[in-house]
Number of protein chains: 2
Amino acid sequence: MDQHTYNKSTIDEIDQRIIEALQQDGRRPFTKIAADLGISEASVRQRVSHLINTQVMQIVAVTNPVKLGFSSASMIGVRVSGERLLEVAEAIAAFDEVIYLIICAGRFDLMAEVVCRDNEHFLNFLTEKLYKVPGVLQAETSMYLRVCKQNDWAFLSQARLSPSPPPSTPNIE
Amino acid sequence: MDQHTYNKSTIDEIDQRIIEALQQDGRRPFTKIAADLGISEASVRQRVSHLINTQVMQIVAVTNPVKLGFSSASMIGVRVSGERLLEVAEAIAAFDEVIYLIICAGRFDLMAEVVCRDNEHFLNFLTEKLYKVPGVLQAETSMYLRVCKQNDWAFLSQARLSPSPPPSTPNIE
DNA sequence: AATGAAAACCGAATTAT
DNA sequence: ATAATTCGGTTTTCATT
């Protein structure tokens with residue numbers, strides 16, 4: 001009984017199969033997925049909706065920076081003077097070039113993934129932005145040569161930021 | 001000779017708006033996007049298809065590891081005996097726990113992002129999988145404490161505003 | 001789980017740039 | 001020649017039962 005309530009807190013086999021299907025093609029019709037799994041379309045639709053509402057999953061477009069002319073990517077390990085960790089993290093996260101920033105424990109205090117148009121742009125980022133943040137002690141760059149595997153996940157914390165970024169004017173003629 | 005062979009390798013304003021829409025909701029109906037932009041649905045459909053075919057964009061489901069019970073995430077820098085770099089990379093990429101693997105230049109030869117259920121699982125990954133790959137010399141783990149920013153390869157807004165003209169030509173064959 | 005109406009999708013032919 | 005639009009038939013979505 002109570003089968004019609006969707007307080008489902010567990011991800012079952014069906015949910016996983018649905019997620020797998022949508023990881024391959026985020027726009028795959030629910031009817032097709034339903035047929036593959038031998039269940040009704042409405043069931044698939046309901047489950048997807050539930051997975052999205054509970055922030056287990058998101059369906060989004062992801063882009064390829066290289067194809068967009070951003071060919072200089074790197075991972076930077078940063079050491080920070082301890083008492084300033086949070087404010088430094090906030091400052092670094094604010095840079096456009098930083099697409100991924102983690103606070104972590106280990107050799108580094110922060111790991112930042114940075115994407116630039118080219119080496120000149122990257123050098124400019126290091127000298128004019130990163131190294132000028134007060135509290136940044138040391139940074140070690142690993143330049144990307146090849147992306148071997150990319151199973152995009154997403155701690156979708158506050159990931160969806162405002163659609164129209166405030167910094168500069170979007171419409172220029 | 002110089003007939004304007006509008007090779008559609010250029011991403012114009014319309015493409016960018018479409019991508020931005022799909023970055024927020026990968027399943028947004030093309031009809032809606034078309035209405036927002038004041039163009040036909042077929043045009044949106046053709047552009048999306050083209051963007052996907054040329055691998056500029058992908059529409060996929062991304063999941064939240066924490067909600068799925070994977071609470072131990074880390075970035076691991078790996079040093080490898082040089083002549084085996086590619087095969088080691090291939091071996092590491094094959095592990096389920098590795099969701100992101102980069103070959104890079106700098107302190108490390110590889111950077112691997114690893115997601116595990118818990119510390120026990122992670123320890124098992126290190127001892128039974130990573131360290132058993134022939135050619136792995138050294139590994140330095142940074143455990144994630146907090147994800148501050150995550151714009152995973154989805155940062156097209158930057159590409160559009162490019163305020164300073166890039167010094168190098170953006171056209172790459 | 002099934003139904004039916006409304007919406008969205010899709011292929012192809014047509015027009016426009 | 002490339003891109004946008006129109007148009008119809010088909011499929012999918014979605015609220016309701």
Side-chain angles (χ1 to χ4, degrees), chain A residues 1-8 10-64 67-69 163 171 173, chain B residues 1-63 156 159-160 169-173:
Chain A
M1 49 192 69
D2 284 347
Q3 273 191 333
H4 59 291
T5 62
Y6 307 101
N7 282 343
K8 220 154 67 67
T10 56
I11 312 285
D12 64 13
E13 172 81 19
I14 304 277
D15 287 324
Q16 289 197 346
R17 303 273 304 271
I18 292 174
I19 291 174
E20 282 166 19
L22 291 171
Q23 280 175 338
Q24 285 195 282
D25 176 6
R27 286 186 83 96
R28 184 163 177 80
F30 297 156
T31 51
K32 293 253 172 53
I33 298 174
D36 291 343
L37 303 187
I39 59 180
S40 75
E41 175 269 341
S43 177
V44 173
R45 183 153 39 90
Q46 203 128 36
R47 283 167 178 269
V48 168
S49 167
H50 184 255
L51 288 170
I52 291 175
N53 288 337
T54 55
Q55 304 199 320
V56 171
M57 179 182 80
Q58 219 180 359
I59 299 176
V60 293
V62 297
T63 54
N64 179 344
K67 300 278 182 175
L68 295 172
N171 284 336
E173 274 311 305
Chain B
M1 171 58 105
D2 54 348
Q3 283 288 48
H4 15 294
T5 164
Y6 264 45
N7 203 0
K8 187 62 172 109
S9 61
T10 352
I11 312 265
D12 64 13
E13 177 80 19
I14 304 274
D15 289 323
Q16 289 166 6
R17 301 276 302 274
I18 292 173
I19 292 173
E20 282 166 14
L22 292 171
Q23 281 175 343
Q24 295 185 43
D25 176 6
R27 278 203 162 241
R28 184 164 178 76
F30 295 157
T31 51
K32 293 251 175 52
I33 297 174
D36 290 343
L37 303 186
I39 59 179
S40 73
E41 173 271 341
S43 180
V44 173
R45 183 155 35 100
Q46 281 172 12
R47 282 168 178 269
V48 168
S49 167
H50 185 256
L51 288 170
I52 290 175
N53 287 338
T54 56
Q55 306 195 325
V56 171
M57 179 183 79
Q58 241 182 324
I59 299 175
V60 293
V62 296
T63 54
L156 188 77
R160 171 175 52 193
T169 67
N171 280 343
I172 304 171
E173 15 259 334

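Just so we're clear, the structure is a prediction, and the values are computed from it rather than from any experiment. To find a chain, count down the sequence lines: A is the first, B the second, and so on, and within it residues start at 1.
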Enquirer: Nearest to the side chain of A:Ser40, heavy atoms from C-beta on, is which of D:dT5, D:dC14, C:dA1?
Expert: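 Nearest to the side chain of A:Ser40 among the choices is C:dA1.
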Enquirer: Checking A:Thr63 against B:Gln23 for the side-chain contact (heavy atoms from CB on, under 4.5 Å) test, could you report, in this order, the C-alpha distance in whole Å, the side-chain angles of both residues, the deciding distance, and whether it holds?
Expert: CA-CA 9 Å; A:Thr63 54; B:Gln23 281 175 343; 3.8 Å; yes
Enquirer: Measure from CD1 on A:Ile39 to C1' on C:dA2 and round the result to the nearest Å.
Expert: 16 Å
Enquirer: Output the rounded distance in Å from CZ (B:Arg47) to C1' (C:dC9).
Expert: 19 Å
Enquirer: Give me the atom names and distance for the closest heavy-atom approach of A:Ile19 to B:Ala61.
Expert: O-CB, 4.4 Å
Enquirer: For A:Lys32 and D:dT12, is the shortest distance between a side-chain N/O and OP1 or OP2 below 4.0 Å?
Expert: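 Affirmative; the distance criterion is met.
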Enquirer: D:dA3 P sits how many Å from B:Glu13 CD, rounded?
Expert: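 Those two atoms, CD and P, are 17 Å apart.
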Enquirer: Between C:dA8 and B:Arg45, is there an OP1 or OP2 to side-chain N/O distance shorter than 4.0 Å?
Expert: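 For C:dA8, neither OP1 nor OP2 has a side-chain N or O of B:Arg45 closer than 4.0 Å.
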Enquirer: How many Å lie between CZ on A:Phe30 and P on C:dA2, as a whole number?
Expert: 20 Å
Enquirer: What's the closest nucleotide to the B:Thr31 side chain, out of D:dT13, C:dA8, D:dT5?
Expert: C:dA8
Enquirer: Without decimals, in angstroms, what is the distance between A:Glu41 CD and C:dT3 C1'?
Expert: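 About 12 Å, once rounded to whole Å.
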Enquirer: Can you measure B:Ile33 atom CD1 to D:dA4 atom P for me and round it to whole angstrom units?
Expert: 15 Å
Enquirer: Expressed in angstrom and rounded to an integer, what is the separation of B:Gln46 atom CD from C:dG11 atom C1'?
Expert: 10 Å
Enquirer: Which is more 5' along DNA chain C, the nucleotide nearest A:Ser43 or the one nearest A:Pro29? Just name the residue.
Expert: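 Taking each residue's closest nucleotide, the earlier one in sequence belongs to A:Ser43.
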Enquirer: Any salt bridge between A:Lys32 and A:Asp25, counting N to O under 4.0 Å?
Expert: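 Looking at A:Asp25 together with A:Lys32, the answer is no, because their closest N to O distance does not fall below 4.0 Å.
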Enquirer: DNA chain C: A:Arg27 or B:Ala42, which has the more 5' nearest nucleotide?
Expert: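 Looking at DNA chain C, the more 5' nearest nucleotide goes with A:Arg27.
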Enquirer: Main chain of B:Arg28, side chain of A:Arg27: is a donor-acceptor contact present, judged purely on distance under 3.5 Å?
Expert: yes
Enquirer: Calculate the interatomic distance between A:Arg28 atom CZ and D:dT13 atom C1'; express it in whole Å.
Expert: 16 Å
